[in-house]
Amino acid sequence: MRVGAFLLSAQFPGQDHGEALERTLSAATAAERAGLDAVWLAEHHFVPYGVCPDAATLAAMLLGRTRRIGVGTAVSVLSTRHPVALGEQAALLHLTSGGRFTLGVGRGGPWIDLAVFGSGLEAYEQGFPERLDLLLRWLRGARVGAAGPQFAFPEVAVVPRAAEPGRRADLAGWLGLEGGPVIPRQRQDEAAPARSGPPVVVACTSPGGVRTAAERGLPMLLGMHSGDEDKREMLAAYRAAWRAAGRGEEQLARVEREHVAAGVAQVDDRAGAARASLLRAMPDFFAHGLGAHRTVDGRERSMRDPRAYTELLCDLHAVGTPRQCADRLLATAERTGIRRFALLAEGSGDTAATLHNLDRLGAEVLPQLS
């Protein structure tokens, strides 16, 4: 099982933007010290729900500040980004981090962002598959052009290239002439191994999203609101779409190991104390943050009751004693087969408490999952 931290860069009531971002930076380095597998960074515009507007940019900073831990976006919103620009960023991060970067993408929501960035509602409602396909071609190809309804441009070279074929060693390298004594070494390989691009995961909240991910052979990122039964249904739909696309079972087994489930983690000596910590902070945060979203076309939108939603998250996820948190994660893994998690650890809204929570997650919960 691989457990990572999901960092919203959430602005809780009474905090400024800098405080929210500083908490994210501190939490990422704490997650590495705690032995977590990855940190996952959210991206939002114009709302205090999350004050990071570009997850890939923040990922670059965190990759520079860390040495081992993976860093992923959860997610970069394709509806408001040019796929080539995002592909260039992803390739750069992949190549300069030694492969520690994962690109999570999604279509976002029908928010005012679509008007501000000029992509329009069509990009959200219909345009995601074309944008995703262009992104994938950029990450996997050497030259890319486009002739679609959203993007049309002549073929250009992919630079830097995230995925490259193996390179034949030149004669000097084969003979051992890169400095030092001239001692020919035994030739073992015709070429260096091929270099693959960054892993890509797709946020899936609807049957259409599940189908889009499966048809392209990409793992899913499932949201915090999904319980185990919801996850099972989405996994079944994914397998059906995968097989309908004619993909093989061996590859399906490999990809299914890469699905990611988002959740919440709050560790305390008593289950009641863990829940109380979240119930003190998260309802006001949800009302403050989610309530700030504006739709692009003025459509009505409903919002969950903030306290009821917090209660639901406490019921669904790893909230309680270390043993209860481990049991909750193990139960989800057993029921769904998902063994990769991105857990929101900043639900208390307090930086010191978030860092302590991550320490306990690493020291007291992770050892019970092996």
Side-chain angles (χ1 to χ4, degrees), residues 6-21 23-24 40-58 73-82 86 104-128 131-132 202-209 212 221-226 230 262-264 278-314 316-317 342 344-349:
F6 178 35
L7 303 176
L8 278 174
S9 298
Q11 183 190 9
F12 285 76
Q15 297 176 354
D16 61 27
H17 299 161
E19 185 176 351
L21 291 168
R23 187 176 62 247
T24 296
W40 297 88
L41 306 173
E43 173 178 297
H44 297 88
H45 295 281
F46 322 126
V47 292
Y49 185 71
V51 302
C52 170
D54 191 326
T57 297
L58 187 55
T73 61
V75 293
S76 295
V77 180
L78 264 181
S79 300
T80 54
R81 296 291 302 278
H82 195 298
L86 182 59
V105 295
R107 67 183 188 128
W111 311 129
I112 196 68
D113 316 8
L114 299 165
V116 173
F117 295 110
S119 52
L121 190 59
E122 179 72 13
Y124 165 73
E125 293 187 331
Q126 305 294 335
F128 183 69
R131 289 168 176 263
L132 179 59
V202 179
C204 294
T205 58
S206 68
T212 296
L221 171 64
L222 303 179
M224 292 192 300
H225 60 280
S226 298
D230 295 328
V264 176
L278 298 184
L279 286 167
R280 277 194 300 270
M282 292 188 77
D284 286 345
F285 160 66
F286 284 137
H288 176 60
L290 292 176
H293 277 106
R294 291 172 55 197
T295 57
V296 67
D297 54 0
R299 72 179 67 177
E300 291 294 324
R301 55 178 292 267
S302 60
M303 189 176 76
R304 295 173 183 263
D305 176 79
R307 185 174 182 87
Y309 186 41
T310 304
E311 293 274 13
L312 174 67
L313 295 177
C314 290
L316 292 179
H317 299 302
L344 181 72
E346 60 182 332
S348 67

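Numbering starts at 1 and runs along the sequence shown.
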What I'd like to find out is whether the side chain of [X] reaches to under 4.5 Å of the side chain of [Y], using heavy atoms alone.
{"X": "Phe46", "Y": "Asp113", "result": "yes"}
{"X": "Glu346", "Y": "Phe285", "result": "no"}
{"X": "Phe117", "Y": "Val77", "result": "no"}
{"X": "Tyr309", "Y": "His225", "result": "yes"}
{"X": "Leu114", "Y": "Thr80", "result": "yes"}
{"X": "Leu58", "Y": "Glu43", "result": "no"}
{"X": "His288", "Y": "Asp284", "result": "no"}

How long is the gap from [atom1] on [X] to [atom2] on [Y], to the nearest 0.5 Å?
{"X": "Gln15", "Y": "Leu21", "atom1": "CD", "atom2": "CG", "value": "10.5 Å"}
{"X": "Ser9", "Y": "His17", "atom1": "OG", "atom2": "NE2", "value": "11.5 Å"}
{"X": "Arg304", "Y": "Leu312", "atom1": "CZ", "atom2": "CG", "value": "6.0 Å"}
{"X": "Leu316", "Y": "Asp230", "atom1": "CG", "atom2": "CG", "value": "8.0 Å"}
{"X": "Gln126", "Y": "Arg107", "atom1": "CD", "atom2": "CZ", "value": "9.0 Å"}
{"X": "Gln11", "Y": "His44", "atom1": "CD", "atom2": "NE2", "value": "13.0 Å"}

Where [X] and [Y] come nearest, the two heavy atoms and their spacing:
{"X": "Arg131", "Y": "Leu78", "value": "NH1-O, 2.8 Å"}
{"X": "Leu313", "Y": "Met224", "value": "CD2-O, 3.5 Å"}
{"X": "Ala281", "Y": "Ser348", "value": "CB-O, 3.3 Å"}
{"X": "Ala203", "Y": "Gly106", "value": "CB-CA, 4.2 Å"}
{"X": "Ala20", "Y": "Val51", "value": "CB-CG2, 3.8 Å"}
{"X": "Ser76", "Y": "Ala56", "value": "OG-N, 4.4 Å"}

* To do: Please work out whether the ring planes of Tyr49 and His293 are parallel, tilted or perpendicular, with thresholds of 30° and 60°.
  => tilted
* Asked: Under the side chain to side chain contact (heavy atoms under 4.5 Å, CB included) criterion, do Phe6 and Leu221 qualify, and how do the steps go?
  -> CA-CA 12 Å; Phe6 178 35; Leu221 171 64; over 6 Å; no
* **Test log, rule side chain to side chain contact (heavy atoms under 4.5 Å, CB included), inputs Trp111 and Thr295** => CA-CA 4 Å; Trp111 311 129; Thr295 57; 3.9 Å; yes
* **Donor-acceptor side-chain pairing of Ser79 and Ser119 below 3.5 angstrom** => no
* Test Asp297 against Leu121 for side chain to side chain contact (heavy atoms under 4.5 Å, CB included), laying out the working first. => CA-CA 8 Å; Asp297 54 0; Leu121 190 59; 3.5 Å; yes
* Go through the steps to decide whether Leu7 and Cys52 satisfy the test side chain to side chain contact (heavy atoms under 4.5 Å, CB included), and finish with yes or no. => CA-CA 10 Å; Leu7 303 176; Cys52 170; over 6 Å; no
* Please check if atom CZ in Arg301 has more than 12 non-hydrogen atoms from other residues, nucleotides or ligands closer than 6.0 Å. =>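 Count over threshold, so yes.
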